[in-house]
Asks: 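Below: one structure in structure tokens.
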Amino acid sequence: MAKLTFKTDNCKGCGLCVDACPKNLLLLAQDKINKKGHHPVEISNMDECIGCASCAVMCPDCIIKVER
């Protein structure tokens with residue numbers, strides 16, 4: 001099982017990682033705003049993540065860490 005961690009305070013909410021996830025597990029949090037004023041990314045179900053790291057590769061700010 002993969003584990004994703006996010007540096008949510010650095011997320012600019014661009015959504016590139018959301019589009020890159022083949023399992024559609026990532027979303028921009030609608031109920032949270034980070035210190036930069038953006039909705040940060042979060043994962044809906046960690047247990048379904050396959051650890052492909054497509055999200056981390058697409059992130060222009062390197063805020064996603066994937067551990068397998």
Side-chain angles (χ1 to χ4, degrees):
M1 178 175 70
K3 179 183 175 191
L4 271 64
T5 52
F6 307 99
K7 297 178 192 172
T8 55
D9 284 339
N10 296 328
C11 180
K12 62 184 176 192
C14 68
L16 292 174
C17 59
V18 175
D19 294 336
C21 181
K23 301 284 277 178
N24 296 315
L25 298 174
L26 299 180
L27 60 133
L28 297 179
Q30 296 303 306
D31 59 341
K32 299 176 190 169
I33 295 182
N34 64 15
K35 65 182 181 181
K36 291 185 173 185
H38 302 290
H39 294 281
V41 67
E42 62 184 15
I43 188 162
S44 61
N45 187 347
M46 186 76 70
D47 293 334
E48 291 185 25
C49 179
I50 58 175
C52 69
S54 293
C55 56
V57 170
M58 286 304 296
C59 181
D61 298 318
C62 301
I63 67 135
I64 304 171
K65 180 179 177 184
V66 179
E67 298 176 68
R68 296 183 200 144

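None of these values were measured; they are calculated from a predicted model. The first residue of the sequence shown is numbered 1, and numbering continues consecutively from there.
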Asks: Do you know which two heavy atoms are closest between T8 and V41, and how far apart they sit?
Replies: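 Closest approach of T8 to V41, heavy atoms only: CG2-O, 4.1 Å.
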Asks: Quick check: closest heavy atoms across L26 and C55, and the distance to 0.1 Å?
Replies: CD1-CB, 3.5 Å
Asks: Is L28 close to Q30 at the side-chain level, that is, under 4.5 Å between some pair of heavy atoms?
Replies: yes
Asks: Which heavy atom of C49 sits nearest to which heavy atom of A2, and what is that distance?
Replies: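 Looking at all heavy atoms of both residues, the closest pair is SG-CB, 3.8 Å.
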Asks: Does the pair K12/D61 count as a salt bridge with the N-to-O cut at 4.0 Å?
Replies: yes
Asks: Would you say that D47 contacts M1 through its side chain, given a criterion of any heavy-atom pair below 4.5 Å between the two side chains?
Replies: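 Contact flag for D47/M1 side chains = yes.
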Asks: Report the distance from atom SG of C21 to atom CD of E48, rounding to the nearest 0.5 Å.
Replies: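 Answer rounded to 0.5 Å: 9.5 Å.
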Asks: Under a 4.5 Å side-chain heavy-atom rule over Ile, Leu, Val, Met, Phe, Trp and Tyr, are I63 and V18 clustered together?
Replies: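 Yes; tracing contacts between hydrophobic side chains, which count when under 4.5 Å, links both residues.
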Asks: How many angstroms lie between atom OG1 of T5 and atom CD of E67, to the nearest 0.5 angstrom?
Replies: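 Atom-to-atom, T5:OG1 and E67:CD are 5.5 Å apart.
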Asks: Is there a side-chain contact between C52 and P22 in this structure, where contact means two heavy atoms from C-beta onward sitting under 4.5 Å apart?
Replies: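 Side chain of C52 against side chain of P22, heavy atoms only: contact under 4.5 Å found.
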Asks: When rounded to the nearest 0.5 angstrom, what distance separates CD in E42 from SG in C11?
Replies: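 Result: 10.0 Å between the selected atoms.
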Asks: To the nearest 0.5 Å, what is the distance between CG on L16 and CE on M58?
Replies: 5.0 Å
Asks: Could you tell me whether a side-chain N or O of H39 sits under 3.5 Å from a main-chain N or O of A29, the two making a donor and an acceptor?
Replies: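 Answer holds: yes.
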Asks: Considering only heavy atoms from C-beta outward, does the side chain of N34 approach that of K32 to under 4.5 Å?
Replies: no
Asks: What's the shortest heavy-atom distance between I43 and M46, and which atoms?
Replies: CG2-CE, 3.8 Å
Asks: If you measure from OG on S54 to NZ on K23, what distance do you get to the nearest 0.5 Å?
Replies: 12.5 Å
Asks: Are L27 and L4 co-members of a hydrophobic cluster defined by side-chain heavy atoms under 4.5 Å apart?
Replies: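 L4 does not cluster with L27.
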